[in-house]
Each structure stands twice: as C-alpha cells, then as structure tokens.
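A short worksheet on the structure shown next.
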Amino acid sequence: MQKLEQLYEGKAKKVFKTEDPDQFIIEYKDDATAGNGEKKGTIVGKGVINNKMTATIFKMLEEKGIPTHFIELLSDNEQLVKAVTIFPLEVIIRNTAAGSICKRLPFEEGQALEAPIFEFCYKNDDYGDPVINDNHATALKLATQEELDAIREMTMKINEILKAYFLEKGINLIDFKIEFGKTNDGQIVLADEISPDTCRFWDVNTGEKLDKDRFRRDLGGIEEAYEEMLKRVNG
Ligand code: UDP
C-alpha cells in the first residue's frame with residue numbers, strides 16, 4: 001500500500017490517503033509537545049515505540065470485542081488503518097487522580113478514585129480543549145446522543161480491559177485519553193493511539209512514571225521510560 005496525498009499533520013502523527021478510499025496510512029513522529037503546544041521537543045525513538053505499542057494494544061482490544069481502526073503494521077513507524085472521520089472529542093478516563101484534574105478540583109495527585117471518572121474534552125486549540133458534557137457536545141453537533149452513549153459504553157469496557165492488561169505487566173493505569181472515529185460505512189471504532197503519550201503509566205512496585213509526564217515535567221530518562229513500556233507490552 002502506497003502513501004498518497006497527506007491529509008493531515010498533527011503534533012505526533014501524519015495521516016495519508018491511499019489508493020483505497022477506505023484505508024489511510026498513519027506515520028508516527030518523534031515530535032513531542034505539551035501544554036497545548038507551549039513546550040516542544042523530540043523524544044528519540046518515540047514514533048517507532050508508539051506505533052508498535054498501539055498496534056499490539058489495538059490488536060488485543062479487537063480480540064476482546066472492541067472495534068478499532070487498526071488493520072496492520074507497515075513499517076517501524078507506519079500503520080495501515082481504516083479511514084475514519086474523527087469525532088472532535090478527547091475521551092478521558094481517570095482511575096487515579098493526576099495531571100489537570102488536580103489543578104481543576106481538590107484532588108491530590110496519586111489519590112485512588114473509587115469509580116473511574118469519565119470526561120469528554122472538546123478538541124479545539126482555540127478554546128484550550130475544555131471539559132464538556134453531553135449537552136455541550138450535542139448542542140455543538142460534535143456527535144449525537146446515541147453516538148455519545150456508544151462511545152461511553154465502549155470506553156468503560158476498554159478501561160476494564162486495559163487496567164487488567166497493564167496490571168499483569170506491573171503497571172498501574174492511572175488515566176488515559178482515547179479518540180473515536182466513524183468509518184465510511186458508519187461504524188464507530190476506536191482510533192488514534194494508546195501509548196505513553198496518551199496514558200499515565202506508574203510502575204506498580206516503585207511508583208516510577210513511565211510516560212510523557214517525564215517530558216512534561218522535565219524528569220529525565222524519557223527515552224528509557226518509553227522503551228521500558230514497549231518492552232513490558234511486547235515482551
Ligand atoms: N492526554 C492526551 N492528550 C491531551 C491531553 C491529555 O493524551 O491533549 C492524556 C494524558 O496523557 C493523560 C490523560 O489524557 O493520560 C489525562 O490528562 P490530563 O487531563 O491530566 O492533562 P495533562 O495533565 O496532560 O495536561
């Protein structure tokens with residue numbers, strides 16, 4: 001499958017058309033940004049790691065009944081996916097309080113949450129990706145209520161699968177962000193990526209952060225943390 005016209009370039013990935021209107025190619029980059037693009041840098045090897053980790057996890061989720069856009073790996077930093085239109089929503093699940101929720105609300109970083117907290121954010125840089133509820137999303141025509149219900153149900157299932165999956169690998173899944181898309185034939189599928197860029201991973205024994213917080217917070221050992229996560233996932 002050949003890459004044709006570039007459709008989109010985001011902060012961490014490029015998306016290309018192919019000769020098949022139902023398939024896109026995603027190329028993962030080493031570029032990293034944080035704080036809505038205020039902090040910029042490169043994490044050497046990140047594109048390869050996130051491409052491979054996303055492939056393994058999406059395959060595993062498919063086997064457990066979650067539809068995803070993933071088709072196959074094409075190279076170290078490219079994968080073939082189903083063409084989708086992405087809902088402009090960041091879907092976030094928190095199992096332990098960390099990051100922005102500790103600034104917005106009186107939660108302590110590391111505080112376990114009795115039940116997962118589900119959030120929608122509106123993907124819109126001009127407004128700083130604000131947290132919204134179903135009424136905002138339907139009023140802005142980002143999705144229908146039926147689509148939001150389907151997304152919420154799939155996300156709760158994905159969280160249960162991922163929590164157990166990562167725990168087996170000695171990782172506490174603190175929180176994560178996922179995105180959904182709609183295929184040309186109208187199916188809602190999990191899209192985008194699941195990687196240390198989009199999840200918080202803490203080592204169960206040491207509490208060490210093995211994710212993008214090492215970049216966001218200048219903790220050092222960034223490349224090593226990403227490599228360690230790929231090793232835990234791919235063995
Ligand atoms: N996240 C993401 N992209 C974003 C914002 C957040 O992938 O644009 C992920 C982030 O890695 C974390 C979860 O979503 O796993 C919750 O992030 P939070 O709202 O705490 O924001 P942050 O602290 O990253 O600003």
Side-chain angles (χ1 to χ4, degrees), residues 8-13 26 28-41 43 46-47 49-51 53-54 57-58 68-69 86-113 115-133 136 142 151-152 155-156 158-159 161-163 165-167 171-181 190-203 207-219 222 225-226 228-230 232-233:
Y8 169 83
E9 176 161 9
K11 292 163 190 155
K13 298 189 281 300
I26 299 183
Y28 281 69
K29 306 190 291 181
D30 285 354
D31 300 348
T33 61
N36 219 347
E38 279 157 35
K39 184 179 166 97
K40 286 195 173 68
I43 300 174
K46 174 171 86 76
I49 290 171
N50 288 0
N51 182 43
M53 195 185 300
T54 297
I57 292 171
F58 277 37
T68 79
H69 72 163
I86 296 280
F87 291 97
L89 294 169
E90 295 191 335
V91 183
I92 292 175
I93 285 275
R94 302 174 187 277
N95 296 308
T96 298
S100 71
I101 200 171
C102 301
K103 296 186 186 135
R104 230 164 51 222
L105 292 165
F107 287 107
E108 293 293 327
E109 172 124 335
Q111 183 182 337
L113 301 167
I117 294 180
F118 181 99
E119 291 170 357
F120 282 125
C121 293
Y122 176 25
K123 273 179 67 156
N124 186 322
D125 285 342
D126 293 340
Y127 290 84
D129 297 342
V131 177
I132 57 169
N133 67 23
H136 298 107
L142 310 181
I151 287 172
R152 186 179 277 103
T155 300
M156 298 310 275
I158 291 167
N159 184 42
I161 296 168
L162 290 182
K163 265 197 299 189
Y165 175 83
F166 283 112
L167 198 56
I171 295 294
N172 194 357
L173 178 62
I174 302 302
D175 59 26
F176 60 91
K177 184 269 302 180
I178 50 180
E179 297 185 17
F180 289 87
L190 176 66
D192 197 51
E193 66 179 294
I194 294 181
S195 74
D197 272 10
T198 61
C199 305
R200 285 193 170 92
F201 297 128
W202 294 2
D203 183 274
E208 191 187 0
K209 295 183 191 338
L210 296 170
D211 57 57
K212 197 174 160 191
D213 271 349
R214 302 206 74 84
F215 172 77
R216 294 188 189 101
R217 302 180 186 186
D218 295 317
L219 299 176
I222 307 171
Y226 277 67
E228 175 63 23
M229 277 311 304
L230 183 64
R232 300 247 189 140
V233 165

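Everything numeric in this text was worked out from a predicted model, so none of it was measured. Just follow the structure's listing: the first ligand is 1, and inside any ligand the first atom is 1.
- Taking a cutoff of 4.0 Å between a charged side-chain nitrogen and a carboxylate oxygen, D211 and R200 do not qualify as a salt bridge.
- In this structure, ligand 1 sits under 4.0 Å from heavy atoms belonging to E90, R94, A98, G99, S100, D175, F176, K177, D197, T198, C199, R200, R216.
- Atoms CG and CG, on N172 and L210 in that order, are 11.0 Å from each other to the nearest 0.5 Å.
- Exactly one of D197, D129, D192 qualifies for a side-chain hydrogen bond (donor to acceptor under 3.5 Å, both in side chains) with K177. That residue is D192.
- Counting only N and O atoms by type, the side chains of R94 and S100 include a donor and acceptor under 3.5 Å apart.
- Classification of R217 and E109 as a salt-bridged pair holds, one side-chain N sitting under 4.0 Å from a carboxylate O.
- Side-chain contact between L113 and N95 is absent, with no heavy atoms from C-beta onward closer than 4.5 Å.
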